[in-house]
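A note on names: the letters A, B, ... follow the listed sequences, proteins ahead of strands, and every chain is numbered from 1. Quick caveat: nothing in here was measured; it's all calculated off a predicted structure.
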Amino acid sequence: MTGGAVEPNLIGLAFIILFIGLMAAFLLLRKDPLQRHLREIPAFARFRRSIGLAVESGMRLHVALGNGGIQGLRGASGLIGLSVLQRISRSAAISDRPPTATSGEAVLAILSQDSLRSGFREANAEYQFEPTSGQLSGLTPYSYAAGVMPTVHDEHVSVNLMLGSFDSEVALISEAADRTESLTIGGSENLNAQAILFASAQEMLVGEELFAAGAYLQTGKTHVASLFAQDVLRWIIFVVILIGAGLKLAGVL
Amino acid sequence: MKLRLRTPALSAIAIVSGAIVLLGYFIRIPLLSGLRSVFLSWALILSAIALVVGVLNLFNVHINKLKAGGEQAFFSGILMFSLVVTFVVVVFFGLTSQASLWIFNYLLLPVEASLVGILAIALLYALVRLFYRKLSLFYIIFVATAFFVLAATAMTVWFDLPELGFLRDWVTQTWSLGGTRAILIGVSLGAIATGLRVLLGADRPYEG
C-alpha cells in the first residue's frame, strides 16, 4: 500500500477470491438443480436438437476453435470451445462420422485432440478417436480460414460450431458453411467477429452468452455455478457504475 | 475398473502452477515472482514445441487426404510441397534471407491479400442473405446503423455537414461505445470464470 490508497493488485486478488467464493457457494449451497433457472437461449436449444439429428443422419459435427490460443481474453473463448467439444464428442461418439475440430493455433490443436479423446473415452468409444480429427488448419487468421473451408465442404458436416477467438475471417468460414446448407452457430469474444456472425451465422451467441455454453450444454455443475457467480458480479459492477456516474454528475468525482 | 493416474497428476500440475502464476501476479513476493517467471518461460518453450507438433499434425492430415485421393488430394499435395520447400529454404538460407523474404512477399502475402478481397464479397453476400433469412427489428436496426455510419462518414469527408458528423459521433461514441463496454464487461467476467474453472481443475482440456 502507498499513501493510504489500496494497492490495485489487492483489489484484483479480492475480486478473484470473491468470484471463487460465489462459485463455491452456488455449487455447494443450492440444493435445487440450478439448470432450471437458466433462461432460454435459442442457439443452444437448436444446437442440442441438431446433435441428435446429426448422429441419426450419420453426419459430422464440426467445431472451429479459432486462433486465439489458450492465453488471455482470446484464450478463454478457445477454452470454452474445448469444453463444448468434449461434451459433444461424448454425445456424438457413436455416430458413423465422429466430430471433428479445427484450430488456428498449435496448443489449441493438441488440446482439441485431448478433448476429443476424453469425450470418446467417457462414451466408451475410444476406438472412434483419430488424432487427425483434431487438426491444425493454419497458423495465420486467413490461412486458418482457408484450411477450415475444405473441412466444412468435404467432410459431410451438418453442424458448424464456431466457438473461439476469430476476427473478420470468420465470414469466410460462415459463408462456406452456408453453401453446404449446414447449421452455423457462432460465438466469439471479439467484437468484429460478433458483428459478422450476427449477419452471417444462423444462430449467434451475443457477448457473454459464449461463456454460458458449458452451463447450457450440461458440461458440468461448475459451469452453472460460475454462470450464477457472473450474474451476481455483473449486478455489483452495474451498481458501482451507477454510483460512479451519480457521483460524477454531482461533481464529487 | 481401469484406474487412470494420469488425470489427477495432470490436474495437480495445472492447479499448482496456475495458482503460483496467479498469486505471483497479485502478490509481490520475490519467491512467487521468480517462480512465476520460470513457469512463464517454460510455457513459452512448450508453446514452441507445440507449434512443431501442430505442423506435424497438419502434415499428417494432408498425407491422409493425399492417400485418400479425391478432389482435395491435389491441393493437399501442393500444401505439403510448399511446406517442405519453405522449411528447407528457411533452414538453409535463414529467416531473413532474400529467398525466404521472396516466399513471404511474392507467395504468402498475395495469397492472404486475395482472401481479404474474397472477404469483402463474403461480407456483402452475408448482408444480402440477412434480409431474406431472418428479418427482425434488431436486424433492421443493425443494417440501418451500419449504412448510416458508412454514409455519414463518406459525406462528412466530401461536404461540410457538421450536424451529420455530430450525429454520427453520437451514434458511434455514445450508443455504440456504451454497448461495446457492456459486452466487454460480460466477456471479461466470462473469461475470468473460464480461467478459474481451469485453475480449480473443474475444466480439464488436457485430460485426454
Side-chain angles (χ1 to χ4, degrees), chain A residues 9-10 12-13 16 19-20 23 73 76-77 79-80 82-83 86 106-107 109-111 113-118 131-132 135-137 140 142-143 145-146 150 154 168-169 171-172 174-175 178 189 191 194 196 198-200 202 206-208 210-212 220 222-223 226-227 229-230 233-234 237, chain B residues 22-23 25-28 43 46-47 50-55 57-58 60-61 64 70-72 75 108 111-112 115-116 118-119 122-123 125-127 129-130 133-134 139 142-143 146 180 182-198 200 202-208:
Chain A
N9 279 352
L10 290 181
L13 185 61
I16 296 293
F19 212 134
I20 293 173
M23 277 167 67
L73 196 61
S77 50
L79 286 169
I80 288 294
L82 289 172
S83 293
Q86 197 170 14
V107 176
I110 293 170
L111 289 176
Q113 292 175 10
D114 269 3
S115 298
L116 280 165
R117 189 201 293 266
S118 153
T132 50
Q135 56 184 270
L136 180 74
S137 300
T140 62
Y142 286 98
S143 67
D154 307 325
S168 47
E169 78 281 355
L172 295 171
S174 195
E175 203 269 337
D178 195 66
E189 92 299 335
L191 290 166
Q194 283 185 37
I196 289 168
F198 187 75
S200 60
Q202 285 164 36
V206 184
E208 72 272 20
L210 165 70
F211 296 96
T222 331
H223 280 259
S226 68
L227 192 59
Q230 282 174 62
L233 287 167
R234 192 177 297 113
I237 291 170
Chain B
L22 187 68
L23 287 174
Y25 180 77
F26 287 121
I27 303 167
R28 302 275 161 81
L46 288 173
S47 296
L51 183 67
V52 177
V53 175
V55 171
N57 168 267
L58 183 75
N60 195 18
V61 167
N64 288 345
E71 285 177 22
Q72 294 299 322
F75 298 108
L108 198 66
V111 170
E112 294 232 357
L115 281 170
V116 179
I118 295 170
L119 178 70
L123 286 173
Y125 180 62
L127 184 73
R129 217 169 45 200
L130 187 69
R133 198 165 66 194
K134 44 186 178 185
Y139 289 98
F142 176 78
V143 175
T180 301
I183 288 175
L184 284 177
I185 288 171
V187 166
S188 305
L189 284 173
I192 294 170
T194 307
L196 287 177
R197 281 197 306 270
V198 174
L200 298 171
D203 277 3
R204 294 182 298 274
Y206 43 78
E207 73 178 349

Residues in side-chain contact (heavy atoms from CB on, under 4.5 Å) with B/Leu51, at least two apart? A/Ala106, A/Leu139
Between B/Val187, B/Leu23, B/Val198, B/Leu127, which shows the greatest number of heavy-atom pairs under 4.5 Å with chain A? B/Val187
Among the listed options B/Leu22, B/Ile118, B/Val111, B/Val61, the residue most often paired with chain A at heavy-atom distances under 4.5 Å: B/Val61
Out of B/Leu200, B/Leu108, B/Val116, return the one with the most heavy atom pairs under 4.5 angstrom to chain A. B/Val116
Quick one: closest heavy-atom pair of A/Gln86 and A/Ser115, and the distance? CG-O, 3.6 Å
pair B/Val53-A/Leu136: side-chain heavy atoms closer than 4.5 Å: no
Only pairs of heavy atoms separated by less than 4.5 Å count here; which of A/Leu210, A/Leu82, A/Thr222 has the most with chain B? A/Thr222
Does the side chain of A/Ser168 come within less than 4.5 Å of A/Ile196's, by heavy atoms? yes
Counting only heavy atoms closer than 4.5 Å, note whether B/Ile27 contacts chain A via side chain, backbone, both or neither. side chain
Does the side chain of B/Leu196 come within less than 4.5 Å of A/Ser226's, by heavy atoms? no
Using non-hydrogen atoms and a 4.5 Å limit, figure out which bit of B/Leu46 sits close to chain A: side chain, backbone, both or neither. neither
So, B/Asp203 side chain and B/Arg197 main chain: donor-acceptor pair closer than 3.5 Å or not? no
Closest non-hydrogen atom pair between B/Thr194 and A/Ala76, with its separation: CG2-O, 3.7 Å
Among the options A/Leu233, A/Leu227, A/Ile80, A/Asp178, pick out the one with the most heavy-atom pairs lying under 4.5 Å from chain B. A/Asp178
Heavy-atom contact with chain B under 4.5 Å, split by part of A/Ser83: side chain
Among B/Val55, B/Ile192, B/Asn60, residue most engaged with chain A (heavy-atom pairs, under 4.5 Å): B/Ile192
Are A/Thr132 and A/Gln113 close enough that some pair of their side-chain heavy atoms sits under 4.5 Å apart? no
With a 4.5 angstrom heavy-atom cut-off, could you sort out which part of A/Ser137 is near chain B: side chain, backbone, both or neither? backbone
Counting only heavy atoms not in B/Tyr25 (residues, nucleotides, ligands), do more than 12 fall under 6.0 Å from its OH? no
Please state whether the side chain, the backbone, both or neither of A/Ala229 comes within less than 4.5 Å of a heavy atom of chain B. neither
With a 4.5 angstrom heavy-atom cut-off, which part of A/Leu111 approaches chain B: side chain, backbone, both or neither? both
Chain B shares the most heavy-atom pairs under 4.5 Å, among A/Glu175, A/Arg234, A/His223, A/Gln194, with A/His223
Hey, which of B/Asn57, B/Ile183, B/Val52, B/Leu58 has the most heavy atom pairs under 4.5 Å with chain A? B/Asn57
